[in-house]
Amino acid sequence: MDLLKSAFKASFAAKTEELKDLLKANGNLVIDQVKIEQLHGGMRGIKLMLWETSSLDAIEGIRFRGYNIPQLQELLPRIHGAKEPLPEGLFWLMLTGEIPSNEQVEWLSKDWASRAEIPQHVYKILDSLNNSVHPMTQLSIGILSLQSESIFAKKYDEGITKSSYWEYMYEDTVNLIARLPGLAAYIYRKCFHNSQHIAADPSLDWSANFAHMLGNDSPDFKDLMRLYMTIHADHEGGNASAHTVHLIGSTLSDAYLALAGGINALAGPLHGLANQEVMDWIYEMIAHLGTDNPSKDQIKEYVKKTLSEGKIVPGYGHAVLRAPDPRFLAQKEFGKEYCANDPLVNIVWNVFDVVPTILEDLGKVKNPWPNVDAHSGALLEFYGIKEHNFYTVLFGVSRAMGVLAQLCWDRAYGLPLERPKSITTEELKEFILQTAN
Ligand code: CMX
């Protein structure tokens with residue numbers, strides 16, 4: 001059994017026992033109550049699933065196994081001359097609860113590089129797709145085509161016991177994560193660089209190799225990718241992409257089928273596609289105002305115009321957060337160090353200065369602050385990744401780490417099929433009538 005697999009086994013063995021005892025002693029305790037407005041309003045805030053890899057606080061933001069983003073930036077190993085920690089370290093942390101050593105991260109990086117090969121039939125399927133097919137759709141199709149490689153599906157077919165599900169889910173998870181940069185870079189070079197593909201360099205770490213295959217070998221871009229892949233990896237279980245993967249996985253679909261579903265959820269404009277929308281919106285503003293250096297007053301007027309047309313301001317607001325997203329702030333710090341004079345980056349910062357007050361004044365927006373998607377596009381564009389409709393693919397590659405690590409936990413815990421209860425309006429009326437009497 002490999003290093004991380006055995007560390008994960010030791011980690012979940014103890015937690016599974018603890019969870020069994022907790023359930024036995026407290027299974028009847030009521031943890032939450034559901035209001036009718038929550039039933040209708042997207043189930044906001046209802047506690048209804050276990051999720052080990054991260055937890056989201058409305059003010060502080062995301063914590064991965066108890067560590068917030070600044071702590072992760074300080075504690076996770078930096079190797080290969082990186083200034084930013086490697087996301088491989090975060091994946092180790094999500095599975096084991098332990099900050100890994102440099103040697104463990106080095107090993108994991110090599111392990112992923114050794115698993116990265118993509119079968120030829122996947123390339124053929126991608127090549128058959130017209131470039132007008134959105135890159136997120138291509139990513140989803142690419143992941144589904146890779147499903148031929150699922151070890152979990154094969155073993156399940158042969159007949160395996162429930163207690164061994166986690167082992168094969170772990171194998172699918174790491175194989176899939178290892179292959180995602182190659183898959184995403186293939187889609188990028190096919191759509192935007194005339195299919196001039198760049199071979200992987202297995203001596204590089206996962207993110208640096210991804211940067212390399214996209215076509216930018218600068219050390220700073222490699223660091224941006226390490227940061228980007230770390231901060232987008234997980235956002236607890238209730239967000240649409242995470243919950244989709246968890247739900248599909250609960251039917252014992254394998255990691256490939258489950259992740260493709262999550263990618264489809266991420267492709268919506270209220271979720272991950274917002275990073276594309278932000279950059280499109282900024283470019284529309286530049287064209288409308290006729291300047292790529294708009295004043296804050298001009299930006300204010302454009303925001304008001306957007307709202308008056310019944311549109312949302314992309315990159316702002318959140319279903320859980322009630323403060324500026326620390327993932328936005330981490331990218332702002334990166335921008336200050338590497339591209340403080342870039343015009344687009346400065347527009348992003350000026351938008352940040354004016355939008356929250358305007359949204360607050362609407363009186364209905366619960367969180368007027370920027371989320372992760374408000375910043376990422378401007379940094380990518382600075383390093384030459386200018387194709388806005390590719391941005392959510394990068395989000396998807398990172399998000400795979402968190403949701404697939406959790407899928408390993410799901411199978412390790414033996415969590416059952418998800419099957420909540422829905423009710424009709426007639427039943428709702430009946431309930432209200434009975435409660436009133
Ligand atoms: N611009 C304009 N109006 C906004 C807004 C924004 N950025 N954010 C929220 N609102 C509006 C909502 O549309 C809603 O209006 P109606 O009552 O007229 O329908 C009202 O404010 C209340 O919404 P909310 O409770 O504050 O927000 P929700 O939890 O319903 O939705 C989110 C959260 C993210 C979908 C929403 O803030 C939004 O649409 N933001 C812009 C899109 C975006 O950036 N999404 C990315 C989120 C992060 C991610 O998943 O990647």
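In each ligand, atom 1 is the first atom listed, and ligand 1 is the first ligand listed.
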With a 4.5 Å heavy-atom cut-off, do Leu379 and Tyr338 have their side chains touching? no
With a 3.5 Å distance limit and no angle check, can you tell me whether Asn209 reaches the backbone of Asp201 through a side-chain donor-acceptor pair? yes
Tell me whether Asp373 contacts the main-chain N or O of Gly315 through its side chain, where contact means a donor paired with an acceptor under 3.5 Å. no
Distance to 0.1 Å, residue and atom name: give those for the protein heavy atom nearest to atom 27 (O) of ligand 1. His318 O, 4.6 Å
So, regarding His271 and ligand 1 (criterion: nitrogen or oxygen to nitrogen or oxygen, under 3.5 Å), is there a contact or not? yes
Could you tell me whether some N/O pair between Gly315 and ligand 1 is separated by less than 3.5 angstrom? yes
Answer with side chain, backbone, both or neither: which part of Val278 has a heavy atom less than 4.0 angstrom from an atom of ligand 1? neither
Please determine if Arg399 and Asp234 form a salt bridge, counting it only when a charged side-chain N lies under 4.0 Å from a carboxylate O. no
Mark yes or no for whether Thr137, through its side chain, and Val133, through its backbone, hold a donor-acceptor pair below 3.5 Å. no
Atom 4 (C) of ligand 1: nearest protein contact (heavy atom, Å): Val365 CG2, 3.8 Å
Heavy-atom proximity to atom 6 (C) of ligand 1, picking from Val313, Asp325, Leu273, Asp373, points to Val313
Is atom 45 (N) of ligand 1 near the protein, in the sense that some protein heavy atom lies at less than 4.0 Å from it? yes
Can Gln276 and His134 be counted as having a side-chain donor-acceptor contact under 3.5 angstrom? yes
Please list, in number order, the atoms of ligand 1 under 4.0 Å from a heavy atom of Arg44. 28 (P), 29 (O), 30 (O), 31 (O)
Proximity flag Leu266 to ligand 1, non-hydrogen atoms under 4.0 Å: no
Counting each atom of ligand 1 from 1 as listed, which ones have a heavy atom of Leu307 under 4.0 Å away? 2 (C)
Do Ser241 and Asn239 pair up side chain to side chain, a donor and an acceptor below 3.5 Å, judged on atom types alone? yes
Heavy-atom contact under 4.0 Å between His235 and ligand 1? no
Lys366, Arg399, Lys364, Lys311: member with heavy atom nearest to atom 18 (O) of ligand 1: Lys364
Shortest protein heavy-atom distance from atom 42 (C) of ligand 1, along with the residue and atom involved: Ile312 CD1, 3.7 Å
Is_contact(atom 33 (C) of ligand 1), protein non-hydrogen, under 4.0 Å: yes
Which of the atoms of ligand 1 are close to Ala274, meaning less than 4.0 Å from one of its heavy atoms? 43 (C), 44 (O), 45 (N), 46 (C)
Would Glu106 and Lys110 satisfy side-chain contact (heavy atoms from CB on, under 4.5 Å), going step by step from the backbone distance to the final call? CA-CA 6 Å; Glu106 179 93 46; Lys110 287 203 177 108; 3.6 Å; yes
Does Arg327, backbone or side chain, put an N or O under 3.5 Å from an N or O of ligand 1? no
Are Glu309 and Lys305 ion-paired here, with the side-chain N under 4.0 Å from a carboxylate O? yes
Would you say Glu418 and His243 are linked by a side-chain donor-acceptor pair, where the criterion is simply a distance under 3.5 Å? yes
Scan side-chain atoms only and decide if Ser109 and Asp205 contain a donor-acceptor pair under the 3.5 Å cut-off. no
Closer than 4.0 angstrom, basic N to acidic O: yes or no for Glu171 and Lys5? yes
For atom 47 (C) of ligand 1, tell me which residue out of Val303, Asn239, Asn371 has the closest non-hydrogen atom. Asn371
For ligand 1, find out whether one of its N or O atoms is nearer than 3.5 Å to an N or O atom of Leu270. yes
I'd like to know if atom 10 (N) of ligand 1 has any protein heavy atom within a distance of less than 4.0 Å. yes
Return the closest protein heavy atom for atom 41 (C) of ligand 1 as residue, atom name and distance. Tyr316 O, 3.2 Å
